[in-house]
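Reading through the structure tokens given below for one structure.
The basis for the numbers below is simple: all heavy atoms, side chains too, and nothing from hydrogens, waters or symmetry mates.
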Amino acid sequence: MRLRLRSLGVALAATAALVTLPAHTPATAAETPLSQGKAVTSSSDENAGTPAAYAVDGNTATRWSSGASDDQWLRVDLGATASVTQIVLNWEAAYGKDYKVQISADGSTWTDLKSVTGGDGGTDTLDVTGQGRYVRMLGVHRATQWGYSLWEFQVFGSAGTSQPGTCSTANAAQGRPSSASSTENAGTPASAAFDGDAGTRWSSQAADPQWLQVDLGSVQTLCKVDLTWEAAYAREFQLQASTDGQTWTTLKSVTGATGGSASYDVSGSGRYLRVNGTVRATPYGYSLWEVAVHTDSGSVPPVQGGGDLGPNVIVVDPSTPNLQQKFDQVFAQQESNQFGSGRYQFLLKPGTYNGINAQLGFYTSISGLGLNPDDTQINGDITVDAGWFNGNATQNFWRSAENLALRPVSGDDRWAVAQAAPFRRIHVQGGLNLAPNGYGWASGGYIADSKIDGTVGPYSQQQWYTRDSSVGGWTNGVWNMTFTGVQGAPATNFDSGPYTTLDNTPVSREKPFLYLDGSDYKVFVPAKRTNARGVSWPANAGGTSLPLSQFYVVKAGATAATINAALAQGLNLLFTPGVYHLDRTIDVTRANTVVLGLGLATLVPDNGVDAMHVADVDGVRLAGFLIDAGSVNSDTLLQIGPAGSSADHSANPTTMQDVFVRIGGAGPGLATNSVVVNSDDAIIDHTWLWRADHGSGVGWDTNRADYGLKVNGDDVLATGLFVEHFNKYDVLWSGERGRTIFFQNEKAYDVPNAAAVTHDGIVGYAAYKVADSVNEHEAWGLGSYCNFTTDSTIVQAHGFQVPVKSGIKMHDLLVISLGGKGQYAHVVNSTGAPTSGTDTVPSKVTLFP
């Protein structure tokens with residue numbers, strides 16, 4: 001259990017500021033603020049009880065608070081361009097010492113209205129002059145250890161200076177999702193009041209109060225509400241609006257109503273409109289034939305969910321003509337296209353496919369569209385081989401297979417992959433060969449939630465991790481073969497062999513996946529499992545299905561602004577195959593948001609922005625995409641939780657699955673940190689964080705990236721962690737009670753000399769370092785390899801560095817010199833034999849300390 005003595009803040013970021021202190025006086029304007037009840041967003045929310053909407057709800061007993069870092073903001077959308085004359089900030093105890101108030105016409109380009117330095121909290125009243133639709137507080141420096149916290153953020157002035165639109169005659173509520181506090185019976189549902197049919201109605205139970213609400217799909221400017229009452233009407237009621245369906249602002253209070261048909265002019269904004277009945281006029285309940293909601297014609301239209309999946313998603317069924325030719329055409333293009341821009345996803349509708357051999361090249365994924373793998377049966381093969389690279393499979397990256405059944409033609413399917421090539425939810429009705437034809441070099445890989453009836457033969461595979469699966473047998477291993485929750489797995493023999501086996505996986509949750517329900521696309525979101533063993537299907541117990549209409553389907557030409565707008569209005573994201581350049585950070589702020597990629601969809605942050613930030617909220621699901629660093633240095637490509645995150649997510653953790661990071665290779669790339677996890681309880685389930693050692697734009701400083709993974713959150717679990725070639729620590733773990741099951745690493749090849757990596761009297765940065773402050777940490781099945789091609793005389797002090805404490809337990813570690821290109825002096829700290837020679841013989845430690 002986590003305890004906080006105080007829950008104060010929110011934080012916002014920016015540059016330096018200068019100006020005089022604001023006056024601590026109440027606002028002189030007596031009118032309702034332009035900001036009250038309007039759409040509002042923030043860089044982060046401290047927790048679900050302090051959302052951004054609370055800063056503009058007119059209630060000084062509720063507040064917004066941010067994550068505990070300086071880089072935070074709060075932004076309100078006034079709905080139309082306004083002339084702004086005064087800003088009032090009513091700070092909670094966690095206030096901004098230095099901050100800016102800014103205005104914007106489009107929410108993108110900002111102008112400073114006022115810069116404050118040396119603030120001392122309380123109520124700041126700022127006289128300003130400016131015009132715009134969006135106003136924000138941009139935090140520069142916090143005054144406390146907490147974030148920024150505002151009871152109220154008020155914007156005063158006059159609205160409508162930019163020729164606002166007129167009130168639309170269209171009914172924005174018709175056909176939209178609705179709900180009610182109660183219904184009289186099954187024949188009078190909430191939806192009947194929004195169906196456009198004057199002959200159907202909603203009616204409630206005979207009690208006060210009762211309410212009826214509709215979801216308009218996005219925050220919109222509201223101007224009129226039409227009510228058509230049945231004989232059982234309300235004498236007193238309110239028309240209310242909300243941005244989140246939880247916190248409500250009253251737009252109109254009505255007393256002495258007489259029923260019938262009536263129209264009410266309103267002013268405000270919201271995604272949800274509610275009729276809140278407080279006093280009935282009859283002994284019966286409340287009953288409405290129809291409710292119509294009208295919006296300002298100048299409102300920004302909502303981002304639409306659903307739609308087609310774009311040109312690079314190839315949907316087929318068993319009757320699709322020339323199906324083998326389709327597979328062959330994509331493979332011919334992608335077989336050796338390691339750093340190209342092509343991205344493809346094959347989706348196979350349920351059914352039986354005969355005589356198919358789907359060869360997968362780079363950035364090509366194949367998935368069945370059934371709810372269970374056996375719904376899509378291939379009597380044939382899905383093949384990954386290494387003919388393009390002279391039988392060497394060590395560069396068979398970035399491809400995947402998922403959610404289908406195979407009956408291989410020869411009895412064994414060939415899946416000769418390296419990193420970032422997941423094999424999930426597959427039923428192989430035969431064996432699985434993980435080596436290339438000719439048994440050349442191979443360096444993979446990952447299997448989860450799969451059933452292999454026959455034997456798995458890794459042969460030349462150097463390392464492999466298998467989770468929550470079943471196998472008919474496992475023939476051999478080279479260096480590091482790790483199993484958790486795998487029925488049929490070999491027993492642990494790390495003293496003399498390559499195996500580390502745990503009977504169960506402590507916490508796991510399978511990756512979300514797209515499937516067909518009849519003719520409708522849905523995304524299944526599997527539930528969390530504890531102490532799992534074996535596959536999760538066919539029961540799929542506890543999962544939920546989300547219709548495609550709840551996803552913004554991201555396609556070519558989409559902008560970060562539109563992506564963020566979709567997230568702000570409550571949509572999830574489905575990235576179709578493609579490369580997406582981002583001019584601003586994607587901000588995931590809502591709990592349980594799903595961000596799912598198809599065909600290794602790739603995000604490229606431009607001009608030094610971070611690619612994605614996730615708030616410290618429950619249950620975000622990140623899956624199936626690649627982040628490719630841009631040519632201008634980003635601080636952190638992916639951040640899960642702002643600095644100082646502390647909320648308990650143990651019941652519903654955020655998960656990161658098949659999310660990969662690349663710095664360089666496709667061109668110069670720069671990032672100080674690849675992934676930083678600040679949220680507690682997060683699950684990292686299969687990732688490859690790679691500072692490129694080959695390709696374009698590769699060099700010690702050309703594609704510099706100091707850190708692969710930083711973990712600051714507590715109780716974080718990593719299953720299947722591949723991190724390679726970073727300039728400093730590949731993994732730096734500072735959170736308590738962290739656990740890692742399987743780790744594969746190569747140190748940077750291009751270290752110019754020992755001096756370049758000598759620090760604190762130590763030669764070389766550990767591949768995996770647990771911070772000295774940590775008291776509890778445990779890991780199993782970890783390997784680090786060196787290949788110092790620039791200076792083969794380097795002797796790295798150790799592969800692993802951890803504090804020597806009773807709560808630190810490291811199981812089954814090894815280090816290897818690849819071909820004698822450099823050596824390790826020890827395995828962990830000063831324990832373990834040094835490597836030597838050129839025979840790639842591991843030096844091992846089975847338990848430390």
Side-chain angles (χ1 to χ4, degrees), residues 37-39 79-80 164-184 187-204 209-245 248-278 280-282 284-305 549 569-570:
K38 292 300 199 310
T166 59
C167 198
S168 173
T169 59
N171 180 6
Q174 187 166 324
R176 298 298 307 171
S178 58
S179 59
S181 54
S182 68
T183 55
E184 182 181 11
T188 58
S191 59
F194 303 101
D195 61 2
D197 184 349
T200 63
R201 65 186 175 93
W202 163 73
S203 63
S204 77
Q210 300 287 335
W211 53 261
L212 173 73
Q213 74 181 50
V214 63
D215 177 0
L216 303 178
S218 68
V219 175
Q220 301 189 50
T221 302
L222 310 175
C223 52
K224 188 168 71 169
V225 178
D226 302 329
L227 302 179
T228 305
W229 292 100
E230 197 248 0
Y233 64 93
R235 180 178 293 118
E236 297 182 9
F237 63 93
Q238 294 104 32
L239 299 176
Q240 298 175 317
S242 173
T243 58
D244 59 5
W248 295 89
T249 299
T250 298
L251 305 177
K252 181 83 69 177
S253 291
V254 178
T255 59
T258 57
S261 296
S263 294
Y264 301 91
D265 293 330
V266 296
S267 178
S269 64
R271 172 174 175 167
Y272 302 87
L273 186 285
R274 180 165 78 174
V275 182
N276 186 41
T278 54
R280 290 166 292 147
T282 73
Y284 304 103
Y286 298 84
S287 185
L288 280 160
W289 293 110
E290 282 294 303
V291 177
V293 180
H294 302 280
T295 61
D296 193 309
S297 61
S299 294
V300 176
V303 178
Q304 296 299 314
S549 61
Q569 72 183 50

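- For S179, the side chain to side chain donor-acceptor pair (under 3.5 Å) criterion is met by no residue, not counting sequence neighbours.
- Of all heavy-atom pairs spanning A190 and S178, the tightest one is C-OG, 3.5 Å.
- Of the N and O atoms on the side chains of R274 and Q240, at least one donor lies less than 3.5 Å from an acceptor on the other residue.
- In this structure, CZ in F194 is found 8.5 Å from CD in Q213, a value given to the nearest 0.5 Å.
- You'll find the side chain of L251 stays beyond 4.5 Å of the side chain of V225, heavy atoms only.
- H294 pairs with exactly one of T169, N171, D226 by the side chain to side chain donor-acceptor pair (under 3.5 Å) rule, that one being D226.
- Between P189 and T183, the shortest heavy-atom distance links the atoms CA-CG2, 4.0 Å.
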Check against side chain to side chain contact (heavy atoms under 4.5 Å, CB included), L288 and W229: CA-CA 4 Å; L288 280 160; W229 292 100; 3.4 Å; yes
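- The two residues Y233 and T258 make their nearest non-hydrogen contact at CE1-C, 3.6 Å.
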Would you check, one step at a time, whether the test side chain to side chain contact (heavy atoms under 4.5 Å, CB included) holds for D195 with E290? CA-CA 8 Å; D195 61 2; E290 282 294 303; 2.8 Å; yes
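- In this structure a side-chain-to-backbone donor-acceptor pair under 3.5 Å is missing from T228 to W289.
- Identified under the salt bridge (Lys or Arg N to Asp or Glu O under 4.0 Å) test for residues 248-267, with sequence neighbours left out: none.
- With a 4.5 Å cut-off on side-chain heavy atoms, L273 and V266 do not count as touching.
- In the displayed structure, R176 atom CZ is contacted under 6.0 Å by more than 12 heavy atoms of other residues, nucleotides or ligands.
- Within the 3.5 Å criterion, the main-chain N or O of W211 finds a donor-acceptor partner in the side chain of S181.
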For Y286 and V275, run side chain to side chain contact (heavy atoms under 4.5 Å, CB included): C-alpha distance rounded to whole Å, both residues' side-chain angles, the deciding distance at 0.1 Å, then the answer. CA-CA 10 Å; Y286 298 84; V275 182; over 6 Å; no
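- Partners of S242 by side chain to side chain donor-acceptor pair (under 3.5 Å), not counting sequence neighbours, listed by chain and number: D244.
- Between A241 and L222 the shortest heavy-atom distance is CB-CD1, 3.9 Å.
- At a threshold of 4.5 Å between non-hydrogen side-chain atoms, the residues Y264 and L239 count as touching.
- Checked by atom type, the side-chain pair E184/S203 shows a donor-acceptor distance below 3.5 Å.
- Remark: the backbone N or O of T255 is not paired with any side-chain donor or acceptor of E236 at under 3.5 angstrom.
- Listed by chain and number, the residues in a side chain to side chain contact (heavy atoms under 4.5 Å, CB included) with S182 are S204, Q205, Q210 (sequence neighbours excluded).
- Classified by interplanar angle (parallel below 30°, tilted 30° to 60°, perpendicular above 60°), the ring pair W248/Y272 is perpendicular.
- The side chain to side chain donor-acceptor pair (under 3.5 Å) search around E230 returns S287, not counting sequence neighbours.
- In this view, N276 and Q238 satisfy the side chain to side chain donor-acceptor pair (under 3.5 Å) rule, not counting sequence neighbours.
- Pairing each heavy atom of T188 with each of W202, the nearest pair is O-CD1, 3.5 Å.
- Counting heavy atoms from C-beta outward, V293 and L216 have side chains that approach closer than 4.5 Å.
- When all heavy atoms are compared, the tightest approach of S168 to A170 is OG-N, 3.0 Å.
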